[in-house]
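Okay, so here's the structure we're looking at.
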Amino acid sequence: MSSEFYKIEELYKLFVQFPFICTDTRKITPNALFFCLKGEHFDGNHFVYEALEKGAKYVITENNQLPKSDAIIRVEDVLKTLQQLALYHRKQLKIPIIGITGTNGKTTTKELMASVLSKKFKTAYTQGNLNNHIGVPLTLLSITKEDEIAVVEMGANHKGEIAELCKIALPEYGLITNIGKAHLEGFGTVDNIIETKTALYRAAQVVFVNGGDEILRMKAESRKEERKKDVVVYGVGSETNGEVVAMNPYLEIELLGMKVQTQLTGSYNLSNILAAAAVGRFFKVENEDICDAVATYFPQNNRSQLIKNETNTIIADYYNANPTSMKAAIENLLQIEAPHKLAILGDMLELGENSLQEHQTIIDLCETAHFETIFIGEKFCALKNEKFPFFMQVTDCNNYLNNNKIENKMILIKGSRGVHLEKIALL
């Protein structure tokens, strides 16, 4: 295939024949299309021949120094080509596409939503955390002709990113879990976060809105007036409502007139459950099936995940952290009925000039909570006091834990991924 006559339609014909996309030579499957993406610390264009040797059918590259080959497709911009291919594929799909974003809870809500929708439809949904400018195209390209509905998660850490992702995914339906303080280093202000996230409302024709979130309700209603969009409300003031019945430590809720014992911890997950239920009801999933899907959903990837070992019960919630989610996790630990509690909290990253203030707020909250707390990270250590142990790194904390045995406690472990709390000795 000559690069001079390259068109996205031609590449799509190859994709139809070989619908396997790969961007990592370590994960190549036979007959895949290998896209030579490049980033700050890697350049896939250096691995063209390795990709072919490992079984790739075609390689899409920006390297114009290679000899001509039918298996090598040269393009000006590999990332842009991947995004264009995903958009082209999206336009061929005749199924509902639901876009989901938010500061906290979007991955859990996405998985709950997929669990609910799978009761009625063959459901495609974002795997893991593939929710950025690369992940969204990969998610779209993973949707097959057998799929009947799809849930596409969208993340952002800079202004305007959700609008760009919507141009690729073209979501007909949209849900924003919430808007909080995260990635302030990239966004600059909370207003920029609101503007960026609510781009999903501007793109979708039908939006699902938490009735208890004043900002999101107002933004959704304003779009409804301007563009005649449909707004489906869940939570406060709606038929899709629920309440926490118990939390010891798993969440038991009343949902759609039924008692549901979940495998989630954290009262903050109620809104995530209601969001999934609202989407399910909109697409005519039976109430009993919705409740069963919620009850059987098991969290993974260290998001509100409960781990019981011989000596302690641990709430593993260290996939990521920001001021909003950290506050919610601490308040949740307060609500759980347990005689002995401990919080191990790591730095919240990417907060910019607000960082120290936000970390001090968390320290102050823990002082009023009256349970043991250990802080880890440079940000927390800059604010250390005599009331709590502070450690720069997890290894320092582990030395402390090895010399101070922790037993029979309910333990919250939460912090940003960059702190590496997965290495805590208690796990």
Side-chain angles (χ1 to χ4, degrees), residues 102 104-119 175 177-178 208-214 216-217 232-282 285-300 302-308 312-317 324-343 365 369-371 408-414:
N104 303 305
K106 55 184 174 291
T107 298
T108 298
T109 303
K110 174 242 336 183
E111 293 180 353
L112 281 164
M113 197 183 298
S115 180
V116 167
L117 292 171
S118 294
K119 290 290 187 178
L175 188 148
T177 56
N178 51 50
F208 300 89
V209 182
N210 184 346
D213 190 312
E214 184 177 357
L216 292 180
R217 194 177 65 248
V232 179
V233 177
Y234 62 88
V236 177
S238 77
E239 293 182 2
T240 309
N241 203 355
E243 62 181 9
V244 175
V245 176
M247 188 170 55
N248 297 306
Y250 288 116
L251 198 63
E252 183 181 352
I253 63 171
E254 185 172 306
L255 176 67
L256 305 177
M258 288 169 264
K259 289 272 182 70
V260 179
Q261 177 64 61
T262 79
Q263 299 178 75
L264 288 159
T265 182
S267 56
Y268 47 82
N269 274 309
L270 177 61
S271 61
N272 300 332
I273 293 169
L274 294 178
V279 171
R281 295 188 75 202
F282 182 87
V285 179
E286 296 292 335
N287 286 355
E288 292 80 3
D289 287 336
I290 292 172
C291 291
D292 183 63
V294 170
T296 55
Y297 168 71
F298 184 78
Q300 299 181 53
N302 305 315
R303 292 179 171 93
S304 301
Q305 192 172 348
L306 204 70
I307 300 171
K308 292 185 178 182
N312 298 290
T313 300
I314 298 169
I315 301 171
D317 195 9
T324 306
S325 65
M326 187 74 86
K327 181 173 181 289
I330 293 168
E331 291 176 344
N332 177 64
L333 184 59
L334 272 171
Q335 294 173 24
I336 293 175
E337 294 180 14
H340 307 292
K341 303 176 186 180
L342 167 66
L365 179 59
H370 301 300
F371 49 65
N408 303 316
K409 292 186 184 295
M410 173 67 66
I411 304 171
L412 166 67
I413 303 179
K414 186 162 182 67

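Here the structure is a predicted model, which means the values were calculated and not measured.
- Taking CD1 of Ile411 as the reference point, atom CG of Asn312 lies at 3.5 Å (rounded to 0.5 Å).
- A donor-acceptor contact shorter than 3.5 Å links the side chain of Thr177 to the backbone of Asn104.
- Among all heavy-atom pairs drawn from Ser267 and Gln335, the shortest one is OG-OE1, 3.4 Å.
- Considering only heavy atoms from C-beta on, Arg281 stays 4.5 Å or farther from Val232 through its side chain.
- Atom NZ of Lys106 sits about 11.0 Å away from atom CG of Asn272, to the nearest 0.5 Å.
- To the nearest 0.5 angstrom, Thr262 atom OG1 is 5.0 Å from Ile273 atom CD1.
- Taking CD of Glu239 as the reference point, atom CG of Leu256 lies at 10.0 Å (rounded to 0.5 Å).
- Annotation for Ala343 and Phe371: closest pair CB-CE1, 3.7 Å, computed over non-hydrogen atoms.
- Interatomic distance, CG of Asn248 versus CE of Met410, reported as 8.5 Å (0.5 Å rounding).
- Under the 3.5 Å distance criterion, the side-chain polar atoms of Ser115 are left unmatched by any main-chain donor or acceptor of Glu111.
- Between Val233 and Arg217 the shortest side-chain heavy-atom distance does not fall below 4.5 Å.
- The side-chain heavy atoms of Tyr268 and Leu251, taken from C-beta on, include no pair separated by under 4.5 Å.
- Checking side-chain atoms of Lys341 against main-chain N and O of Ile336 turns up a donor-acceptor pair under 3.5 Å.
- Considering all non-hydrogen atoms of both residues, Glu243 and Leu270 come closest at CA-CD2, 4.0 Å.
- Here the side chain of Asp213 pairs no donor or acceptor atom with the backbone of Asn178 at under 3.5 angstrom.
- In this structure, Val279 and Leu117 have side chains that are in contact, with non-hydrogen atoms separated by less than 4.5 Å.
- Rounding to the nearest 0.5 Å places CG of Asn269 at 8.5 Å from CG of Asn332.
- Proximity of Leu255 to Leu274: side-chain heavy atoms (C-beta onward) are separated by under 4.5 Å at one or more points.
- Asn241 has its side chain out of reach of Tyr234: every pair of non-hydrogen atoms, C-beta onward, lies at least 4.5 Å apart.
- Using modelled atom types, no side-chain atom of Glu252 and backbone atom of Met247 make a donor-acceptor pair closer than 3.5 Å.
- With hydrogens and angles ignored, the 3.5 Å screen pairs no side-chain donor or acceptor of Lys119 with any backbone N or O of Val285.
- The minimum heavy-atom distance linking Ala275 with Leu175 is given by the pair CB-CD1, 3.7 Å.
- Between the side chain of Lys414 and the main chain of Met326, no donor-acceptor pair closer than 3.5 Å is present.
- Between the side chains of Gln261 and Tyr250, not a single donor N or O lies within less than 3.5 Å of an accepting N or O.
- Nearest heavy-atom pair across Val260 and Ala295 is CG1-CB, 3.9 Å.
- Side-chain contact between Ile315 and Pro249 is absent, with no heavy-atom pair separated by less than 4.5 Å.
- Side-chain polar atoms of Arg303 and Thr108 form no donor-acceptor pair below 3.5 angstrom.
- Pairing each heavy atom of Gly280 with each of Ile290, the nearest pair is C-CD1, 4.0 Å.
- For the pair Thr240 (side chain) and Ala277 (backbone), a donor-acceptor distance under 3.5 Å is absent.
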